[in-house]
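Single-structure report; data block below.
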There are 2 protein chains.
Amino acid sequence: MSNISTLSQSTRFADISTMSDSAWRQQGSLWSNLRQVCDLLAIPAPATADQEDTVFQHVRFKAGQRIHRIGQAFDTLYIVNSGFLKTVHIDEYGNEQVLSFPMKGDLLGIDGIHKQHYASEAIALSDCDMILVPYKTFTALGRVHVELEQAMFNVMSREIVREQMMISMLSALSAEAKVARFLTNLGERFNQMGYSGRSFNLRMTRQEIGSYLGLTLETVSRTLSALNELGLISVEQREINLIDPVALKTLRRLPPAKARIKVSEKVTALVNKNLLPQWNGELAAALN
Amino acid sequence: MSNISTLSQSTRFADISTMSDSAWRQQGSLWSNLRQVCDLLAIPAPATADQEDTVFQHVRFKAGQRIHRIGQAFDTLYIVNSGFLKTVHIDEYGNEQVLSFPMKGDLLGIDGIHKQHYASEAIALSDCDMILVPYKTFTALGRVHVELEQAMFNVMSREIVREQMMISMLSALSAEAKVARFLTNLGERFNQMGYSGRSFNLRMTRQEIGSYLGLTLETVSRTLSALNELGLISVEQREINLIDPVALKTLRRLPPAKARIKVSEKVTALVNKNLLPQWNGELAAALN
DNA sequence: CGCCAATTTGAGTCCCATCAATATTTGTGG
DNA sequence: CCACAAATATTGATGGGACTCAAATTGGCG
């Protein structure tokens, strides 16, 4: 019986979180070698990687569990092999700020290097399979394989750029644009993972999305409803369908809100007169 | 006559931008060695640094000049030896977003590593003396001195943490709190540089402060006036005096108590009361 | 089935952006 | 050194977008 439930669970996740095919079990726990880790991170593996006998242990976390917490002594980096997480920063008053939603192939824990203590907290939003990379092991490897050191600089630089974009977005965009971009970004990441970038389920609550985007949960909910009304997406609970990804991605600070309303009124009138088949995002773009 | 004006200007800046004493001139341009560079970055210099014959060239920029542009091929990192700058990101519509205000000891250009092209633009706000560190030279040094590689990871990790704090601030704080923290942060940095952290001149416009904080220039101006009225600072044009730094630093809008954490809050409280030695995984399991 | 968390939706409020006018400073050339 | 233009800063009036408070609905789970 327990076999069956285990099987059904792994089947349930098979569509979204494929395990590294060649990862292997040993003593009841999963292990990956250097090449597999590099593939997962989408960085070029050292030519001599296959001769490397270093292996990396996998650890499973259940939804809700913490991978590491703020202030905890730093000693290992984590790579997401499957599952979804959030990283949060908690200020001195206990307010939670979501910083990222890591998923397959993402690296966690970089912020712990600075003070040898994690600066953020990582929490599993679904059951997760994480690969442990002890920092000491990593730096030792970096000394042997120069490409690895280089790759690490690249990954960290990319993270810095990502956060710069985030800062830009937070201070420049309207709520609608923030939510729209959030959805298209999610879609692109799903795409890169080999899944549908147009149709997916949100793994996080409106609250968490709002925290991530600097909005309240009510505003997120209202904005999703509005994008739904506009025909740019369809949304029901956590099921998202991107109907017009292009319009979503280019949606900006929507200048005068009045103009928007006028346009949609115009279109609605036309639709009502059967002069237009239906409202769609392309039309919105054309009319704006 | 022109001598006098030049002299008075350099005198005016002397209090805030002291040149590395031991930097030396050669062929009309200034050079620093590895130890001097490490000191400037506040990272431990390799024990063998003095035997290192690598030297780093200085380059001077006048106020308003660009150090590097977005999209420009990346090949060198810059360290601020003296002067003040801003780094900006420019979106596809030409809108400028200020990302940081680097000053003495800060490292520029990290964001270029990722794609081998700078992702941001650095502009001198005052006359600047910058040390050039060719990326290739740097990585070569990192291979020789392990401490350097380590220090680089530290610096990049610190930058990531800094941006995380920025994101938190942007999405959680009110305009007053943003401006107040901006001022105290500036003060702390001046302090670290050995200058007064309570009395200083702003090197940037209200516009640039606003861009940095996600506010309009009018709001920045109004907020400064308000903090002045409250007696927390005195401000006249760009002259700032922090009268009550403590109150400034703790000034905040109290967000809804909803977004507060539960378990970790309890644990933190216990740790603070010395009822728990420290956080550990066993506790995590017990409380989750 | 009942409880609790998550979500949706509405109504009212307020903070901050926007538009606008003025004042002050900086820079430049005569 | 002064005059003029351009940039910067201050202050006011107004409106809107997002927050806050509140209630109802849905969905998940024991």
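So that the names make sense, note that chain A is the first sequence line, chain B the second, and so on, each numbered from 1. This structure is a prediction, so every number in the text was calculated from the model and none was measured. Just so it is clear, the values below take in all heavy atoms, side chains as well, and ignore hydrogens, waters and symmetry mates.
For the pair A:Ile233/A:Leu248, a side-chain contact is recorded, criterion being any heavy-atom separation below 4.5 Å from C-beta on.
Separating the CG atom of A:Leu202 from the P atom of C:dA6 is a distance of 14 Å, rounded to the nearest angstrom. Taking atom CD on A:Glu208 and atom P on C:dT7, their separation rounds to 8 Å, with Å as the unit. When the C1' atom of C:dA6 is taken as reference, atom CZ of A:Arg238 falls 7 Å away, rounded to whole Å. The CD atom of B:Gln207 sits 18 Å away from the P atom of C:dT26 (whole-angstrom rounding). For the pair B:Leu217 CG and C:dT22 C1', the computed distance is 15 Å after rounding to whole Å. The interatomic distance linking A:Glu229 (CD) with C:dT9 (P) rounds to 8 Å, in whole Å.
Residue A:Gly210 is out of contact with every strand shown, counting any heavy-atom pair closer than 4.0 Å. Heavy atoms of B:Leu215 sit under 4.0 angstrom from primed sugar atoms or phosphate atoms, though from no base atom.
Proximity note for A:Ser225 (side chain, C-beta onward) versus C:dT8, C:dA6, C:dT9: the nearest is C:dT9. The side chain of B:Thr205 has D:dA9 as its nearest neighbour among C:dT7, D:dA9, D:dT20. With D:dT11, C:dT7, C:dT18 as the choices, the nucleotide that has an atom nearest any side-chain atom of A:Gln237 turns out to be C:dT7. Among the nucleotides C:dC16, C:dA17, C:dT7, the one closest to any side-chain atom of B:Ala175 is C:dC16.
Interface remark: the B:Glu218 side chain does form a donor-acceptor pair with the C:dC19 base, using a distance-only criterion of under 3.5 Å. A donor-acceptor contact under 3.5 Å links the side chain of B:Arg222 to the base of C:dT18.
Classification of B:Glu188 and B:Lys249 as a salt-bridged pair holds, one side-chain N sitting under 4.0 Å from a carboxylate O. Using a 4.0 Å cut-off between a side-chain N of Lys or Arg and a carboxylate O of Asp or Glu, A:Arg162 and B:Glu163 do not qualify as a salt bridge.
Dashed line: the shortest gap from a side-chain N or O of B:Thr219 to OP1 or OP2 of C:dC16 is not under 4.0 Å.
Within the 6.0 Å centre-distance limit, the rings of B:Phe182 and B:Tyr212 are counted as a close aromatic pair. Annotation: B:Tyr195 is not in aromatic contact with B:Phe190 [ring centroid separation under 6.0 Å not met].
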